[in-house]
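Structure, as structure tokens:
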Amino acid sequence: TDLFGNAVAAGKGSPKPAAKSFAPAQDPIAEIINEGEAPPSLPAPRNITNTDHKYHLIQGEAIPSFVDQLMGQTEICFDTETNNLDANDAELVGMSFSFIPGEAYYVPTPADQAETQKILLQFAGLFNNPSIKWVGQNLKYDMLVLKWYGYELKGSWFDTMLAHYVIEPDGKRSMDMLSTQFLGYDPVPIEDLIGKKGKSQGNMRDVEIEKIKDYAAEDADITLQLKHALQPLLSSKVVEKVFYEVENPLLAVLTDMEYEGIKVDVNFLNDYSLELDKDAKRSEESVYAQAGLRFNLASPKQLGEVLFEKLQLDPKAKKTKTGQYATGEDVLSKLAHQNKIVEDILAFRELTKLKSTYVDSLPLLRNRKTGRVHTSYAQAVAVTGRLSSNNPNLQNIPVRTERGREIRKAFIPRDENHVLLSADYSQIELRIVAAISGDPAMCEAFQQGKDIHTATAARVYNVEEKDVVKEMRYKAKSVNFGIIYGQGAFGLADNLGISRTEAKEIIDNYKKQFSGIQRYMDDTVNFAREHGYVQTLVGRKRWLRDINSSNFTVRGFAERNAINSPIQGTAADMIKLAMVKIHQVFKENKFRSKMILQVHDELVFDAVKEEVDIVKPIILECMRQALPLPNNVPVEAEIGSGTNWLEAH
DNA sequence: ATCACACGC
DNA sequence: GCGTGTGAT
């Protein structure tokens, strides 16, 4: 079903003018899309024991002539071995190189870091050679390791992980999987060297060099072969643009951002932790007093039994799919008015969440060299094209509630000569909906610089904009969210806690007022049914194998994906293009200010105070111009500065 | 390992 | 809709 709770019609006869941005001139034919897939992963017959290979160990006096040989290549596959998965805290154990399939070289580097630096110095000319194309699997990792030793790869890049990401965004893409799938070859498992993962897992530094040589050289060899297998698919699937213009360049931008990290105010967090602990304990005790018994309030299972069996708070309490009572925030909120205990439970939940996930863990995740936190961006995880962030996740720092927002005060500039800048897109996803649907009312609202939720409410409730009251705006905002998520009428009712009847009424009005949106949703789903994929403005594709499923639920999910992915994905493309541009302009102008965070529609900078007035308009201009939208829908971005992230916002 | 929950966009 | 982290089981 679509937003309006209707089944999406198959061939409504609409000739799909509105969705034409998604059916570009070079509209690929369905057959092309599905060819070139390797057969599903049967156990691969080939491995290092039964396959010809020439893997060489290079050390000492052999290095100079080896480097000379590499200098003559145009394309080199490169891989590092280290003693840590965290590239910001890793020592180089060795490097492997390959430029001919079946042949590779391993150069070990010793624990003595001064010695390692001497070896790297011999490779300086190679790393700086601008005419070399560096091939690798997850090159960001290797580039980050090298950056800590003071080196960059100055030529161009081809990351096989990113290539596979744009070819098959929802696939698995560890090197082992790719090798099995595309080369029919099973690489040496890492467990053979350092043991099974867990606390007993060893360290690459302690493995004998001959063993590492085979493993590491094979990695470079395989990755080079993967490049040759994947490159033609970029072309046959028509995803070269998003690969070469977005993902591949972004890799170097993210490397620099992860290297910088952001400073956190540990004293502030420690103080705040005590405060949260005190208040959480107070709420907890209050709950036990009201319940008349003590239990583990952090256990949803126990809490559900107390609320709905002992206290009988709701005779028709909802259950989760595993048969427990549901005690999520939405469920409890509906009971909050009549039951003081529920307020205390919600307070406890909020406070313990803030404490454990953010306040107590951030200080522990500081890098030992920099004292800063260096998030890691996953560039090939989110199926829509977004980045994700982990260790720590800096894309879900609280902002909604007062006490959560407080945590943003802990993110601070690196020193007194810097401030934080935060630049964010305004309503970017809705602007994209307006632009690609071409809905006249919504496009016009943006062209006139209106508050989109108020403008929506005015139309849906048929009143003047000045007469839109809070509740009308709030509900209209929820409908707009529903569109972005391809959510059904059920979802809206659920979301707003209103009846299905009222939800349907709001939706019927919306449908009349914004008929172009309805048409976009129909056209997009129909396009997906016909072609098996949907795509963004930049040509990032997502294949939807379930779009023609006979199972109502499964198909419905695919239909929501069809509607949501081009929107979320286009927004992702836009900010990624902006990041590449900003990075380039900063470099050209030799600015010392650094881009340090991305939060989907926001960029954060650690800016040198004297540069603030120069970089602010540059950042905004790059963001606004990154990806012009059709139908004259303007793209707006705002920027602020401050001595912490909250203030900058 | 999986689930429920809660945080973000 | 898309993610990640935590604590419980």
Side-chain angles (χ1 to χ4, degrees), chain A residues 2-3 169-170 197-198 295-305 318-333 345-362 364-365 375-401 403-405 407-408 424-430 432-433 480-488 491 495 521 524 534 536 542 544 556-572 574-575 597-604 645 649:
Chain A
D2 64 15
L3 174 74
D170 49 3
K197 67 176 167 193
F295 58 100
N296 186 353
L297 184 49
S299 160
K301 185 158 180 282
Q302 293 180 37
L303 174 64
E305 284 159 11
K318 273 200 308 182
K319 299 268 186 87
T320 66
K321 64 176 177 181
T322 54
Q324 288 185 42
Y325 291 106
T327 66
E329 206 254 348
D330 52 333
V331 174
L332 295 190
S333 292
I345 295 166
L346 289 171
F348 174 84
R349 284 253 175 94
E350 182 189 1
L351 300 173
T352 52
K353 168 78 175 178
L354 296 177
K355 183 172 182 297
S356 67
T357 306
Y358 305 103
V359 178
D360 289 349
S361 61
L362 279 169
L364 303 177
L365 289 164
T375 189
S376 176
Y377 289 103
Q379 204 184 341
V381 167
V383 288
T384 52
R386 275 190 178 177
L387 298 177
S388 74
S389 156
N390 59 37
N391 298 306
N393 183 350
L394 296 184
Q395 290 182 322
N396 73 344
I397 301 302
V399 70
R400 212 179 74 253
T401 67
R403 308 198 70 175
R405 213 159 29 238
I407 294 170
R408 297 199 166 216
D424 65 308
Y425 283 113
S426 147
Q427 299 294 347
I428 191 58
E429 292 194 341
L430 277 177
I432 289 166
V433 171
N480 282 331
F481 262 90
I483 291 163
I484 293 169
Y485 299 155
Q487 165 195 273
N495 224 315
M521 297 196 295
T524 303
V534 291
T536 67
R542 180 176 181 184
L544 297 162
F557 193 66
E559 287 168 356
R560 288 192 289 281
N561 290 155
I563 293 166
N564 170 256
S565 295
I567 301 165
Q568 195 179 106
T570 299
M574 185 184 291
I575 195 164
L597 299 179
Q598 190 253 42
V599 193
H600 309 305
D601 65 353
E602 174 189 10
L603 296 173
V604 177
W645 196 359
H649 218 279

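All chains are named by letter (A, B, ...) in the order of the sequence lines, taking the proteins before the strands, and each is independently numbered beginning at 1.
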Does [X] make a side-chain N or O approach to OP1 or OP2 of [N] shorter than 4.0 Å?
| X | N | result |
| --- | --- | --- |
| A:Thr322 | B:dA4 | yes |
| A:Thr384 | C:dC2 | no |
| A:Asn393 | C:dT6 | no |
| A:Arg386 | B:dC9 | no |
| A:Gln568 | C:dG3 | no |
| A:Ser361 | C:dT6 | yes |
| A:Thr320 | B:dA4 | yes |
| A:Asn296 | C:dA8 | yes |

Looking across every strand, which nucleic acid part, if any, lies under 4.0 Å from [X] by heavy atom: base, sugar-phosphate, or nothing?
| X | value |
| --- | --- |
| A:Thr352 | nothing |
| A:Glu429 | nothing |
| A:Arg405 | nothing |
| A:Ala326 | sugar-phosphate |

ask   = Quick one: does A:Lys319's side chain get under 4.5 Å of A:Tyr325's, heavy atoms only?
value = yes
inquiry  = Are the side chains of A:Glu329 and A:Glu350 in contact, using a 4.5 Å heavy-atom criterion?
reply    = no
message = side chain to side chain contact (heavy atoms under 4.5 Å, CB included) for A:Asn480 and A:Gln427? Distances and angles first, verdict last.
response = CA-CA 10 Å; A:Asn480 282 331; A:Gln427 299 294 347; over 6 Å; no
Looking only at side-chain atoms of [X], point me to the closest of [options].
| X | options | answer |
| --- | --- | --- |
| A:Val599 | B:dC5, B:dC9, C:dG3 | B:dC9 |
| A:Lys321 | C:dT4, C:dC2, B:dA4 | B:dA4 |
| A:Ser299 | B:dA4, C:dT4, C:dT9 | C:dT9 |
| A:Ser356 | B:dG8, C:dT6, B:dA6 | C:dT6 |
| A:Tyr485 | C:dT6, B:dC9, C:dT4 | B:dC9 |
| A:Ala382 | C:dC2, C:dG5, B:dA4 | C:dC2 |
| A:Ala298 | C:dA8, B:dC9, C:dT4 | C:dA8 |

Roughly how many Å is it from [atom1] in [X] to [atom2] in [N], rounded to a whole number?
| X | N | atom1 | atom2 | value |
| --- | --- | --- | --- | --- |
| A:Arg400 | B:dA6 | CZ | P | 10 Å |
| A:Ile397 | C:dT4 | CD1 | P | 14 Å |
| A:Lys353 | C:dA8 | NZ | C1' | 14 Å |
| A:Leu297 | C:dT6 | CG | C1' | 15 Å |
| A:Leu597 | B:dG8 | CG | P | 16 Å |
| A:Arg403 | B:dG8 | CZ | P | 15 Å |
| A:His600 | B:dC7 | NE2 | C1' | 11 Å |
| A:Phe557 | C:dG1 | CZ | C1' | 8 Å |

remark   = Walking DNA chain C from its 5' end, the first of A:Asn390 and A:Gln302 to be reached, judged by nearest nucleotide, is A:Asn390
ask   = Do A:Arg349 side-chain and B:dC5 base share a donor-acceptor contact under 3.5 Å?
value = no
task = Determine, stepwise, if the pair A:Met574 / A:Tyr425 fulfils side chain to side chain contact (heavy atoms under 4.5 Å, CB included).
result = CA-CA 10 Å; A:Met574 185 184 291; A:Tyr425 283 113; 3.6 Å; yes
Backbone of A:Ala562 reached by a side-chain donor or acceptor of A:Arg542 within 3.5 Å = no
query = Just how far is it from atom CG of A:Asn561 to atom OH of A:Tyr485, taken to the nearest 0.5 Å?
reply = 13.5 Å
request  = Tell me yes or no: between the side chains of A:Gln395 and A:Gln598, is some donor less than 3.5 Å from an acceptor?
outcome  = yes
